[in-house]
Amino acid sequence: MNRRSLVSVGILVLVAAVVLSATIAAQAPASAAKAAPAAKAAPAGKAYTPPKTPDGQPDLQGFWTNSTYVPLERPQGVTKEFYTPDEAEEAIKKAAAREAEQTEPGTTADVHYDFSQFGLDRSQSTIAKSLRTSLVVDPPDGKIPPVNAQGQKRAADRAAARKAAGGQYDSVQNMPIGSRCIIMGGAGPPMMNAGYNANYQIVQSPGYVMILTEMIHDVRVIPLDNRTQPPQGVRQWTGVSRGRWEGNTLVVETTNFNGKNAFRGASENMKVTERFTRVADDMIDYKFTVEDPATWDRTWTAEAPLAKTGGPIFEFACHETNYGIANILAGARAEEKQKAEQAKKGSN
Amino acid sequence: MRNRFLTRVTVVAIGLCVAAVTLVTAQTPAYRAPRAPDGKPNLGGIWQAINTANWDIEAHSAAPSPVLELGAAGAVPGGLGVVEGGTLPYRPEALAKRNENRANRLKLDPEIKCYLPGVPRATYMPFPFQIIQSQKHIMLIHEYAGAVRTIYMTDQTEAPADSWMGWSNGRWEGESLVVDTKGFNDLSWFDRSGNFHSDALHVVERFTPRSADTLNYEVTVEDPKVFTRPWKMSMPLYRRVEPNAQILEFRCVEFVEDLLYGHLRKQPSQ
Amino acid sequence: MRAKLVVVVACAGLLLMVGQARAHHAFAAEFDVNKPLTLKGSLIKWEMVNPHSWFHVAVKEPDGKVTEWLIEGGSPNQLIRMGVTKNTVPIGTELTIEGYRAKDGGLKAVGRNFVLPDGSRLFLGGSAPGGTGGDKK
Amino acid sequence: MTSMKVTATFVIFVTFAIFVRAQAPAYKVPRTPDGQPDLQGFWSNATYTPLERPDNVTKEFYTPEEAAAAEKAAAARESAETEPGTVADVHYDFTQFGLDRSQATLARSLRTSLIVDPKNGKLPPITAEGKKILAARAEEAKRLGGRWDSAQSNQLDDRCIIMAGPGPPMMDAAYNSNYHIVQAPGYVMILTEMIHDVRVIPLDGRPQPPAAVRQWMGVSRGRWEGDTLVVETTNFNGKNPFRGSTENMKVIERLRRVADDTIEYNFTVEDKSMWVQAWSVEAVMRKTAGPLFEHACHEGNYGLYNTLVGARLEDQKAAEGAAKKDSK
């Protein structure tokens, strides 16, 4: 399967997922989702006072998950910002059913382990429920703004560079960053649902907030002392984050990305501003704004709540025993060899 | 005249000796660390070892680089060793394996493959690490390979499974943070010289403030499958005092991919 | 049925594009859909490692020879949160594994289903000895 | 109990020190601000006195006239012009660069040899084990091939690894035989001009490091015995044998300032693997003028490269010559 066909499959997926979520009848999920209370927009007037750490910071500590079935962008055909509780429940049920569905034996789609046997269906762990129809809240249509000319050119350049590098399984460097155990969706910033093990541990000490992402044990140590960003020459996969408290809200600004893990096509000059506000004992309101004039003509903002979940987080060493990557490459080389031999036989 | 001088010298000498003996025999460290908000010694900060333990925890001489192209940049600096008593108490068959590891270190050292460093090696890798201290969890965040340890101060359990960095439970003993770690796999090494352990490894570490900007780091290592008795190592750790000090990424996986998988790269068709 | 297939393929596609979903690589690139197999054997070792765990299984061939197979399973982390430990599946547990063999031709496969002697599936619906089947809060 | 013992020792030591000082000759060694005998400054150990007594000499000391004559003869040999057109002539004129010993400060002595023990002024006989070691070394050198076959088969000084000056023991390096001594509380530092080799000698009585730590210059520990700095050195790596020594050599040096411009430098070499007995030397270091300019060696060592390239070209020529001969 080459990259281009993968991309088209991907597009197909998005479309299909949308259509299916609207039309296919739901089967009951394998097990009931253990969901935290839905994060409605906090009703004005109902004051929640977050607990404080010994040094007086609002306390965000504990284990949290951003696992969700709410898509980043609003599905086609949905026009409202919030589902009713019943509609939201229905949407989750459908999505869970899709996730738990068994594949047809003997098809390519069937070549995997049963996710539910390893607790990896989203419905088997805590979900950060929300009535929102999309995580994106601004623009108001729930969609990421259109990519500007500069952004399109960069996307085209990136695609051309990928094409020039050859097939996806030609070398390890051609494979997806997640498969290579370099970085996954959870770390961000912004921190996005990682599909499974979408868990975080927050620990605070005077002057610092630390966020451990379960996937590939990615850690963000966010200083709160108003220090400046490092020079432009310092570029990182997760950028460099600086935090401050605005009342009960932790505001974290991140720049200095290396541009190698483009978030939705962003450039290395992307700036992400995150806001964490504890709105209930078991809920953190997590909002982020993405700013990148080199990609979008306007900023956009999403809300993806973090729900309290159970610990502990077990070490997700990834690269060390990433046998799969060697198996895949070896498999590709074996297939090539087979084909070459067959071609030789054919020509004889 | 001379007599009086001698008397004075003797008195001074006695005073000095008594002071020295008192200093040496004193068990309690004189230093009391600043307190964290919960009243425990505050170990928060960015720390780093300055020694050659990562090359070889035993005493060793300077040696050439195992990689020709690296010349002096890849050569081994000599070191006096950090192991109490100087030599590791290997079982005979384990010593043979250590020597084999050492001879084949370019192929076998997990550090070369960007694997997680294990414990205690993470502490004395030539990279800084940060301590984020809360009441329930004390986090050790290492720059090398993004290694991270959670030290459970409450809700302590046994290791659910074996891992590279082990499963750490901690407690306070006076000025010291004592960390008890088990649940290791048998894949990490102690240094670049092939010193190794099995999955029976049990590490007890003591972090004790010794001045505003230094910690004493003492480790007791127990592994009956590899060593004939428990042994100790110790070293100071130094605070990175630069006001802008921070842990940067050392996401080394992509640096080693050609080393590990380059042979599986598609060859240009002939 | 066709819609189902589309969804699954689509999910695989998503996974490749954004590294999401429940496994971190493309299965069909590692394992061969044309080489389905069923193995019966006893557990030698379960490597509870990431990104995928691996079961070492001693499989008795028809001629009586015993070979060691490596079977890929899922990340153990969520199971650990659910109470599974390294002692949950004892060494020697008899397993029937339906799966697909690795493309590189080695004694490796993905375990599509891990079935215990009583017919239940491993780690599912509380069938795993010791498994609590849910998050600890 | 312990403190009493220590005090007693201390008292004895102080008494002894006072006694020794009372007996000492007229020269009063200056002190550093922290009270150490002051050895600081620039010193030279350039000498024409050979380590071993010449075969035809039987006495321990020359008369001043004989010493002057011996020095003159040696200096004349050193500055003798070579025969133009001979291999020996292919070098720059040493005197034009001030490199003849006679052009620098000489640490003069009336001794006929630096060795004072054994009494015959010669190195002691070699043990059976020592003979074996020497034979093995010769074998290894043979295995490495000709001197110009590789950088490694060349001499250590040509390779800029270490020269004769730093020792220990510190020996006349033929040229630039200069040292800079600086003292600080707890330390004596000796900078050797050649290849900027530095010895930092701690005086706090610390033990030697484990046997696994091996260095070209070994590891030195010092202490003051009255006005004499006593330095013991072990932990050599054995790759730079001193007159055939092994890595187990122990060198004990004694430096004592006997005049404003002179340090008495005596040393004893112990190496049971090589010699049937320990042997000792008495030499002097004479005050000389500073400064010491950086003797970076390896960095500009074009000569080694040129030598190897030259040798390979000669190999090639020889091979071509042989091929021609064959084809005839």
Side-chain angles (χ1 to χ4, degrees), chain A residues 53-56 61-62 166-167 169-175 177 180-183 201 203-210 212 216-221 223 225 227-228 230 234-238 240 258 260 311-322 325-326 328-330 332-333 336 340, chain B residues 36-39 42-44 46 110 113-116 130-139 141-142 145-150 152 155 157 159-167 183 185 187-188 243-244 246-249 251-254 256-258 260-267 269-270:
Chain A
T53 64
D55 62 315
Q61 298 182 106
Y169 305 121
D170 283 6
S171 72
V172 61
Q173 286 85 354
N174 287 9
M175 292 183 63
I177 286 163
R180 291 158 66 190
C181 290
I182 292 177
I183 194 167
Q201 183 186 4
V203 175
Q204 288 164 265
S205 73
Y208 289 96
V209 174
M210 185 227 65
L212 165 63
I216 328 196
H217 51 83
D218 255 315
V219 173
R220 304 173 63 191
V221 178
D225 57 1
R227 68 181 72 181
T228 53
V234 179
R235 297 269 166 192
Q236 309 204 104
W237 290 88
T238 54
V240 179
N258 68 9
K260 293 198 275 188
I313 285 182
F314 186 72
E315 175 183 280
F316 195 95
C318 181
H319 161 70
E320 289 75 3
T321 36
N322 193 5
I325 208 150
I328 287 173
L329 292 168
R333 299 297 82 78
E336 281 161 16
Chain B
D38 62 354
N42 185 358
L43 305 185
I46 299 179
K113 302 175 188 175
C114 175
Y115 289 172
L116 287 169
Q130 185 160 6
I131 298 181
I132 297 282
Q133 180 177 333
S134 76
Q135 282 167 286
K136 279 178 150 177
H137 302 118
I138 295 179
M139 308 298 297
I141 297 135
H142 297 272
V148 58
R149 297 172 65 191
T150 302
Y152 295 91
D155 303 327
T157 61
D162 293 348
S163 63
W164 290 79
M165 304 302 289
W167 193 263
N185 65 29
L187 299 171
S188 66
N244 62 346
Q246 80 166 78
I247 301 298
L248 293 174
E249 284 183 355
R251 204 176 287 268
C252 48
V253 173
E254 59 170 341
V256 302
E257 285 180 318
D258 272 337
L260 300 182
Y261 310 119
H263 64 290
L264 294 173
R265 183 181 282 275
K266 182 177 185 174
Q267 298 304 311
S269 47
Q270 283 116 18

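This is a predicted model, so every value here is computed, not measured. Sequence lines set the chain letters: A, B, ... in the order given, protein chains first and strands last, and positions in each chain run from 1.
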Participant: side-chain hydrogen bond (donor to acceptor under 3.5 Å, both in side chains) for A/Arg227 and B/Gln246? Distances and angles first, verdict last.
Facilitator: CA-CA 11 Å; A/Arg227 68 181 72 181; B/Gln246 80 166 78; 4.8 Å; no
Participant: Chain B: which of A/Val219, A/Ile313, A/Val209 shares the most heavy-atom pairs with it under 4.5 Å?
Facilitator: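 Most heavy-atom pairs under 4.5 Å with chain B: A/Val219.
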Participant: Will you find, in the side chains of A/Thr53 and A/Gln61, an N or O donor that is under 3.5 Å from an N or O acceptor?
Facilitator: no
Participant: Could you have a look at A/Ala317, A/Ala326, A/Pro223 and say which one has the most heavy-atom pairs with chain B under 4.5 angstrom?
Facilitator: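 When all of A/Ala317, A/Ala326, A/Pro223 are compared, A/Ala326 has the most.
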Participant: Select one option (side chain, backbone, both, neither) describing which atoms of A/Thr228 are under 4.5 Å from chain B's heavy atoms.
Facilitator: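 Interface part for A/Thr228: neither.
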Participant: Measure A/Leu212 against the heavy atoms of chain B and call it side chain, backbone, both or neither at under 4.5 Å.
Facilitator: side chain
Participant: Side chain, backbone, both or neither: which part of B/Cys114 has a non-hydrogen atom closer than 4.5 Å to chain A?
Facilitator: both
Participant: For the interface with chain B, which of A/Thr321, A/Asp55, A/Val172 has the highest count of heavy-atom pairs at distances below 4.5 Å?
Facilitator: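 Answer, by heavy-atom pair count under 4.5 Å with chain B: A/Val172.
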Participant: Would you sort out whether A/Arg220 and B/Ile141 count as a side chain to side chain contact (heavy atoms under 4.5 Å, CB included), showing the intermediate values?
Facilitator: CA-CA 9 Å; A/Arg220 304 173 63 191; B/Ile141 297 135; over 6 Å; no
Participant: So for B/Ser163, is it side chain, backbone, both, or neither that comes closer than 4.5 Å to the heavy atoms of chain A?
Facilitator: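 Both parts, backbone and side chain.
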Participant: Please classify the contact of A/Gln204 with chain B as side chain, backbone, both or neither, using a heavy-atom distance under 4.5 Å.
Facilitator: backbone
Participant: Between chain A and each of B/Lys113, B/Lys136, B/Met165, count heavy-atom pairs under 4.5 Å; write down the option with the most.
Facilitator: B/Met165
Participant: Could you work out, with salt bridge (charged side-chain N to carboxylate O under 4.0 Å, His left out) as the rule, every residue matching B/Asp38, not counting sequence neighbours?
Facilitator: none
Participant: Given heavy-atom pairs under 4.5 angstrom as the criterion, report whether the side chain, backbone, both or neither of B/Pro110 touches chain A.
Facilitator: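 It is neither, since no heavy atom gets under 4.5 Å.
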Participant: With only heavy atoms counted, which part of B/Ile138 is less than 4.5 Å from chain A, the side chain, the backbone, both or neither?
Facilitator: neither
Participant: Can you tell me which of B/Asp155, B/Leu187, B/Leu248, B/Asn244 forms the most heavy-atom pairs within a distance under 4.5 Å of chain A?
Facilitator: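 Option with the top pair count is B/Leu248.
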Participant: Using a 4.5 angstrom heavy-atom cutoff, name the option from B/Ala145, B/Pro37, B/Gly44, B/Ser134 with the most pairs to chain A.
Facilitator: B/Pro37
Participant: If you tally heavy-atom pairs under 4.5 Å against chain A, which of B/Ile131, B/Asp258, B/Asn42 wins?
Facilitator: B/Asp258
Participant: Using the side chain to side chain contact (heavy atoms under 4.5 Å, CB included) rule, take B/His142 and B/Val148 through it: C-alpha gap first, then chi angles, then the decisive distance, then the call.
Facilitator: CA-CA 6 Å; B/His142 297 272; B/Val148 58; over 6 Å; no
Participant: With a 4.5 angstrom heavy-atom cut-off, could you sort out which part of B/Gln130 is near chain A: side chain, backbone, both or neither?
Facilitator: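 It is the side chain, since no backbone atom gets that close.
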Participant: Which region of A/Val221, side chain (C-beta onward) or backbone (N, CA, C, O), has a non-hydrogen atom less than 4.5 Å from a non-hydrogen atom of chain B, or is it both or neither?
Facilitator: side chain
Participant: In terms of the angle between their ring planes, are B/Tyr152 and B/His137 parallel, tilted or perpendicular, with boundaries placed at 30° and 60°?
Facilitator: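 Answer is perpendicular, since the angle exceeds 60°.
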Participant: If we count only N and O atoms by modelled type, under 3.5 Å, do the side chains of A/Gln236 and B/Arg251 hold a donor and an acceptor together?
Facilitator: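 Result is no, nothing qualifies.
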Participant: Looking at residues at least two apart in the chain, or sitting in another chain, which of them share a side chain to side chain contact (heavy atoms under 4.5 Å, CB included) with A/Pro230?
Facilitator: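 Counting only residues at least two positions away or on another chain, A/Pro230 forms a side chain to side chain contact (heavy atoms under 4.5 Å, CB included) with A/Val234, A/Val240, A/Arg242, A/Asn256.
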Participant: Carefully, step by step, assess B/Trp167 and B/Thr157 under the rule side-chain hydrogen bond (donor to acceptor under 3.5 Å, both in side chains).
Facilitator: CA-CA 9 Å; B/Trp167 193 263; B/Thr157 61; 3.3 Å; yes
Participant: What part of B/Ile132 gets closer than 4.5 Å to chain A, counting heavy atoms only: side chain, backbone, both or neither?
Facilitator: both
Participant: Counting only non-hydrogen atoms closer than 4.5 Å, does B/Met139 touch chain A with its backbone (N, CA, C, O), its side chain (CB onward), both, or neither?
Facilitator: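 Just the side chain, heavy atoms under 4.5 Å.
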Participant: Is there a side chain to side chain contact (heavy atoms under 4.5 Å, CB included) between A/Ile182 and B/Glu257? Walk through the geometry before answering.
Facilitator: CA-CA 11 Å; A/Ile182 292 177; B/Glu257 285 180 318; 4.1 Å; yes
Participant: Quick one: what part of B/Asp162 sits under 4.5 Å from any heavy atom of chain A, side chain, backbone, both or neither?
Facilitator: backbone
Participant: With side chain to side chain contact (heavy atoms under 4.5 Å, CB included) as the criterion, how do A/Arg235 and A/Lys260 come out once you've worked through the C-alpha distance, each side chain's angles and the decisive distance to 0.1 Å?
Facilitator: CA-CA 10 Å; A/Arg235 297 269 166 192; A/Lys260 293 198 275 188; over 6 Å; no
Participant: So, B/Arg265 side chain and A/Ser171 main chain: donor-acceptor pair closer than 3.5 Å or not?
Facilitator: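 Not at all, since once roles are kept as given, no pair shorter than 3.5 Å links the two residues.
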Participant: Where on A/Glu336 is there a heavy atom nearer than 4.5 Å to chain B: the side chain, the backbone, both, or neither?
Facilitator: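 Interface part for A/Glu336: side chain.
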